[in-house]
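Indexing begins at 1, ligand by ligand and atom by atom, following the structure's order.
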Amino acid sequence: MNKEDIVKKNPELNLLLDEPLSHYTFTKTGGPVDVLAFPKTKSEVKQLVDYCRENQVPWLVLGNASNLIVQDGGIRGVVIMLTEMNQISVEGTIVIAEAGAKLIDTTYAALAESLTGFEFACGIPGSIGGAVYMNAGAYGGEIKDVFAEVDLLLSDGTIQTLSNEEMAFSYRHSELQKMEAIVLEARFQLTPGDHEMIKGRMDELTELREAKQPLEYPSCGSVFKRPEGHFTGQLIQEAGLQGLKWGGAQISEKHAGFIVNIDHATATDYTELIAHIQEVIKEKFDVALETEVRIIGEKRS
Ligand code: FAD
């Protein structure tokens, strides 16, 4: 792509050229992207998508980059990162959040208004857009349970609003995964509750998370989806893989479902270790582990 052209034609946008995505991903791995854009408004997002469509430039949207492995060769085209589009408001029992708002901040905005339903998400480090895309969930709750509707920008530049039913949520899945669309804003339907009870539950879940997860190291959370009838961490432990190091990556000694970056790991360390785990678990237990983390970009040539 012509990187100078996008800068010249969009002087008001915040664009970085050849920016290493390892500066942003939660795993601290990943190669450079041609153009990294930080739009501040919905109209700036549209401006970027229009430019990409008119100039045949591929684009990809990211939220907080907490569920990603960007390969070491990086990404060609434009990555639109929404972290600067992060307004949250509450109207009655509806919480309205822009796509780049942190899910954690959104749950605290609900707490401030004594609204219940969002407690489950108080420790999930994604953005609203990423959480809706993934149907993020924890401790018995998922986005589907509180989701009212979402405004999407489609790749042809039009806006579409989808309801809960239209999003066809299931375990770590939403209709968005089949579309070329960007979440701009989502609305969540909550219920009036008791402030102390909501806070108590959020504190309890935060303590559980801190006790069980290796939050002291970079990671992308659970690497694999839960296979039907099994627990991933248990399978990995029973296969004798827990603690295995691969380059700078390691299967966490605290939580076998996590791969942590302990010593300057590359994305290749991550993807090779993932492939190794999948092979061993298939061979030993005849279970096919599917990744929950999204692996994107190009391998280093
Ligand atoms: P990203 O990683 O930026 O992107 C993920 C996918 O969403 C990409 O395909 C991207 O293209 C798409 N996407 C992002 N924003 C948009 C948008 N605006 N419009 C359209 N598509 C978009 N997940 C859970 O479900 N439960 C947990 O308990 C949990 N715990 C975690 C703990 C840790 C320590 C870490 C590091 C991760 C954890 N995760 C968990 C994973 C992750 O936080 C969630 O999947 C989260 O929803 C991803 O959001 P994100 O903004 O970081 O998305």
With heavy-atom distances below 4.0 Å as the criterion, list the atoms of ligand 1 near [X].
X: Q213; value: 32 (C)
X: F26; value: 36 (C)
X: R294; value: 9 (O)
X: A138; value: 28 (O)
X: G130; value: 7 (O), 14 (C), 15 (N), 16 (C), 47 (O), 49 (O), 50 (P), 51 (O), 53 (O)

Between [X] and ligand 1, which residue portion shows a heavy-atom distance shorter than 4.0 Å: side chain, backbone, both, or neither?
X: A136; result: both
X: L215; result: side chain
X: L82; result: side chain

Given [options], which has its nearest heavy atom closest to [atom]?
atom: atom 47 (O) of ligand 1; options: S127, A99, G126, A131; result: A131
atom: atom 48 (C) of ligand 1; options: S66, P214, A181; result: S66
atom: atom 24 (C) of ligand 1; options: C220, G137, G221; result: G137
atom: atom 6 (C) of ligand 1; options: Y217, Y24, Y133; result: Y133

**Study point:** Heavy atom of the protein closest to atom 30 (N) of ligand 1 (residue, atom name, distance)
**Key:**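 Here the nearest protein heavy atom works out to R209 NH1, 3.1 Å.
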**Study point:** For atom 19 (N) of ligand 1, the protein heavy atom that lies nearest, with its residue and separation
**Key:**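 The closest heavy atom on the protein side is V183 N, 2.8 Å.
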Check your understanding: Does the side chain of Y139 come under 3.5 Å of the side chain of R201 through a donor N or O and an acceptor N or O?
Key ->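 Side-chain D/A pair, Y139 to R201: absent.
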